[in-house]
Amino acid sequence: MTEDDGSAGARQRLITRRIAGILLIVMPSVEFGGYFLTLVDTGKVPQTAFQQSFDRAGHAHAGVLLILSLVTLLFTDSMRLSGWFGLATRLLIPLAAVLVSSGFFLSALGAGRTQPNAFVIVLWLGVVALAGGLINLGVALLRR
């Protein structure tokens, strides 16, 4: 779907700007995650090898998916996607950034943990959101 009139387009661009603003404000939390990982790597925060790997994966996915979110917002606006399809495309990838990284972090919580806990489902919900957002945008780009 594409926007039909100027007011719908203006609303969609406003939504995009607000999402982008939130993503940029959230980005320093990824920086803090990098600092936390230096504490883990220097032995100041004891963790199992499993927890270290999941924390690193959560940190990496957070940064990459936040940047991907910003890029896909540009494509979504350039395609003038509107309505529910446009909103879903704008929101699913940023949602995936939160869910995937949170899924890694939450599923590794607990002293001495060597396997993911039940919060690993959050990671998989994020994977589904990411796939949905990317497929939406990919189809929209190919249809034009």
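Side-chain atoms are counted along with the backbone in the values below, which use heavy atoms only and exclude waters and symmetry mates. Remember, predicted model here, so these are calculated numbers, not experimental data.
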Subject >> Residues L130, L68; criterion side-chain contact (heavy atoms from CB on, under 4.5 Å); working and verdict >> reply: CA-CA 10 Å; L130 179 61; L68 178 64; 4.1 Å; yes

[atom1]/[X] to [atom2]/[Y] distance, rounded to the nearest 0.5 angstrom?
X: T89; Y: I135; atom1: OG1; atom2: CD1; result: 11.0 Å
X: R56; Y: Q47; atom1: CZ; atom2: CD; result: 8.5 Å
X: L81; Y: R90; atom1: CG; atom2: CZ; result: 6.5 Å
X: Q51; Y: Q115; atom1: CD; atom2: CD; result: 12.0 Å

Original post:
When you look at L109 and F105, which way does the side-chain contact (heavy atoms from CB on, under 4.5 Å) test go after all the steps?
Top reply: CA-CA 7 Å; L109 285 178; F105 297 134; over 6 Å; no

Original post:
Between T16 and T76, is a side-chain contact (heavy atoms from CB on, under 4.5 Å) present by the stated rule, with each step listed?
Top reply: CA-CA 9 Å; T16 296; T76 303; 5.6 Å; no

**OP:** Mind telling me whether F104 and F54 have parallel, tilted or perpendicular rings, with 30° and 60° as the class edges?
**Re:** perpendicular

Search all heavy atoms of [X] against all heavy atoms of [Y] and return the closest pair with its distance.
X: A62; Y: V30; result: CB-CG2, 3.9 Å
X: S107; Y: G103; result: OG-O, 2.7 Å
X: A108; Y: N117; result: N-ND2, 4.5 Å
X: S101; Y: G58; result: CB-O, 3.3 Å
X: Q12; Y: D77; result: O-OD1, 4.0 Å
X: A96; Y: G126; result: CB-O, 3.4 Å

Under a 4.5 Å side-chain heavy-atom rule over Ile, Leu, Val, Met, Phe, Trp and Tyr, are [X] and [Y] clustered together?
X: L70; Y: I19; result: yes
X: W84; Y: L95; result: no
X: L91; Y: I22; result: yes
X: V100; Y: L125; result: no
X: F85; Y: L137; result: yes

Original post:
Should we say atom CZ of F50 is surrounded by more than 12 heavy atoms from elsewhere, each under 6.0 Å from it?
Top reply: yes

Original post:
Do T48 and R113 have a side chain donor and acceptor closer than 3.5 Å?
Top reply: no

Under 3.5 Å donor-acceptor, [X] side chain and [Y] backbone:
X: R13; Y: G9; result: yes
X: S78; Y: F75; result: yes
X: H59; Y: D55; result: no

Original post:
Going through the distances and angles, do L73 and L23 end up as a side-chain contact (heavy atoms from CB on, under 4.5 Å)?
Top reply: CA-CA 11 Å; L73 286 172; L23 293 174; 4.0 Å; yes

**OP:** Test ring pair (Phe, Tyr, Trp, His ring centres under 6.0 Å) on F32 and F36 and set out the steps.
**Re:** CA-CA 6 Å; F32 174 77; F36 175 77; 7.0 Å; no

Subject >> Reference residue Q52; test side chain to side chain contact (heavy atoms under 4.5 Å, CB included); the match among V45, V40, L37 >> reply: V40

